[in-house]
Amino acid sequence: MQFATWNVNSLKVRLPQLLEWLAANPEMTAVALQETKLEDSAFPKADLEAAGYHVAFIGQKTYNGVAIVSRAPLDDVVVNIPGFDDEQRRVIAATVNGIRFICAYVVNGQAVSSDKYVYKLRWIKALTDYVAAELKQYPELILAGDYNIAPEDRDVHDPAKWVGEVLVSAPERAAFRQLLALGLIDSFREFEQPEKSFSWWDYRMFAFKRNAGLRIDHLLISKALKDRLKACVIDKEPRKVERPSDHTPVIVTIE
DNA sequence: ATGGCGAGAGAATCTCGA
C-alpha cells in the first residue's frame, strides 16, 4: 500500500487533478492534503465519495485546511492538536489499515524576525508532544505533511542564498530533528535519491524549469514500520500540468 | 532593493504563501 502527502494549494482548483492523480495511482491507499482552503460546508465530500473514496477534513475559509482522502475506511478521526488552542486548521489524523496517519500543515513562519516564526516554533513543539503521545497508542504511525522545513542543505537548490532564512534556519531544523528524536524516520532518505530532489518550486521565475526548489514535504514513519518500508519517491508529474499546485506529491510504499 | 506567480476575497487591489 501507498501513502502520500500533497499540499494542493486550494482543493477547489485542484480537485480534478487530485481525482486524475488518484486514478493514475491505483496502489494509493490514502493521501494527506494540505491547504485545502475550504470551509467544511464547501468540501467536495460528495464528489470524492462518489468516486469511491473515504474522506476526513477540517478547514476554514481562505487559509490552511487539511484532509485525508482514502481508499480504505478512516477510523478514529481526530482534528487539530488536542489541548493546543489554535484557530488555524492544520492537523487531522485517522487510522488507515491499522496505521495511524497524521496529516500536518506546519506554519510557514514568513520571516525569522516575525511573530509568525515564533508561532511556528511553538506550533511544532505542540505537534511534537502530540505525536509523542500518539506513538504510545499507535506504534505504526506516519506523520505526513507540508513541514515548511528543508531539513538539510541538500534539500535546498541554492543553500548559500538561503542561509538563515525561514524554512532552513537552525531553530527550524532543530525542531525537525526533535520530531526524528521521537523515533521517526525520514522515509525519503532511507533510499538512494537523485541529487537536487525537491517537493516545492516557486511559481515565479520559472523555478520549476530551473529546478530551483526545496524539499519541505515529508513522510516520517515510525520505527515499527521501517522493515515494511519499500520505497519513497517524489512524483513530479502533477507539477507539470496546466495550473499546478506549487507543491508536488511525495509517496511512500509500505509492504 | 524589489518583484516575479497564483489563490482568495470581493470588486481594485489587498494579504499570504515559501
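So you know, we letter chains A, B, ... as the sequences are listed, proteins then strands, and number each from 1.
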Discussion item. Taking dT15(B) as the reference, what is the distance to dG10(B) when you measure between their C1' atoms (whole Å, please)?
Written reply: 13 Å
Query raised in the report: Between dA18(B) and Y105(A), is there an OP1 or OP2 to side-chain N/O distance shorter than 4.0 Å?
Result: yes
Would you classify D217(A) as touching base, sugar-phosphate or nothing, given that sugar-phosphate means primed atoms plus P, OP1 and OP2, and contacts are heavy atoms under 4.0 Å?
nothing
Query raised in the report: Under 4.0 Å: is that the gap between some side-chain N or O of N9(A) and OP1 or OP2 of dA7(B)?
Result: no
So V166(A), base contact, sugar-phosphate only, or nothing? Heavy-atom distance under 4.0 Å. nothing
Looking only at dG8(B), dG3(B), dA18(B), the nucleotide nearest the M205(A) side chain is dG3(B)
(Q) I'd like to know if R228(A) and E140(A) make a salt bridge, using a cut-off of under 4.0 Å between side-chain N and carboxylate O. (A) yes
N108(A) CG to dC16(B) P, in whole Å, measures 11 Å
N/O (side chain, R243(A)) to phosphate O (OP1/OP2, dA7(B)) under 4.0 Å: yes
The Watson-Crick or G-U wobble partner of dG10(B), with both key distances under 3.5 Å, is none
Here the distance between atom P of dC16(B) and atom CZ of R89(A), to the nearest Å, is 19 Å
From CD of E39(A) across to P of dG8(B) the rounded distance in Å is 13 Å
By nearest-nucleotide position on DNA chain B, the 5'-leaning member of K61(A) and N148(A) is K61(A)
Here the side-chain hydrogen bond (donor to acceptor under 3.5 Å, both in side chains) pairs for residues 215-225 of chain A, sequence neighbours left out, are D155(A)-R215(A), D186(A)-R215(A), S199(A)-D217(A), R215(A)-H218(A), D217(A)-H247(A)
Walking DNA chain B from its 5' end, the first of L38(A) and I216(A) to be reached, judged by nearest nucleotide, is L38(A)
Among the nucleotides dA7(B), dA18(B), dG17(B), whichever has the atom closest to the side chain of K37(A) is dA7(B)
#### Entry: dC16(B) and dG3(B), which share atom name C1', separated by this distance in whole Å
15 Å
- Task: Ignoring backbone atoms, test whether H247(A) places a side-chain nitrogen or oxygen under 4.0 Å from the OP1 or OP2 oxygen of dA18(B).
- Result: yes
**Report entry** Phosphate OP1/OP2 of dC16(B): any N64(A) side-chain N/O under 4.0 Å
**Finding:** no
- Message: Quick test of your reading of the model: are K61(A) and E39(A) salt-bridged, counting only N-O distances below 4.0 Å?
- Response: no
note: F206(A), atom CZ; dC5(B), atom P; distance rounded to Å ~ 8 Å
Check your understanding: Distance between the P atoms of dA18(B) and dC14(B), in whole angstroms?
Key -> 22 Å
Is a salt bridge present between R154(A) and E195(A), judged by a nitrogen-to-oxygen distance below 4.0 Å?
no
For the pair S10(A) (side chain) and V13(A) (backbone), establish whether a donor and an acceptor sit closer than 3.5 Å, ignoring hydrogens and angles. yes
#### Entry: Plane angle bin for H157(A) and W162(A) - parallel if under 30°, tilted between 30 and 60°, otherwise perpendicular
perpendicular
To the nearest angstrom, the CH2-C1' distance between W201(A) and dG17(B) comes to 16 Å
Among dG8(B), dC16(B), dA18(B), the one nearest any side-chain atom of T62(A) is dG8(B)
I'd like the P distance from dT13(B) over to dG4(B), given in whole Å.
14 Å
_Applying a 4.0 Å non-hydrogen cut-off, can you work out what E165(A) is touching in the nucleic acid: base, sugar-phosphate, or nothing?_
nothing
Y119(A) atom OH is separated from dC16(B) atom C1', nearest whole Å, by 14 Å
Residue-phosphate contact under 4.0 Å: R204(A) side-chain N/O, dA18(B) OP1/OP2
no
Verify the contact: side-chain N or O of S10(A) to OP1 or OP2 of dG6(B), cut-off strictly under 4.0 Å; return yes or no.
no
When rounded to whole Å, the OH to C1' distance for the pair Y203(A) and dA18(B) reads 11 Å
NA contact type, K116(A), heavy-atom cut-off 4.0 Å: base, sugar-phosphate, or nothing?
sugar-phosphate
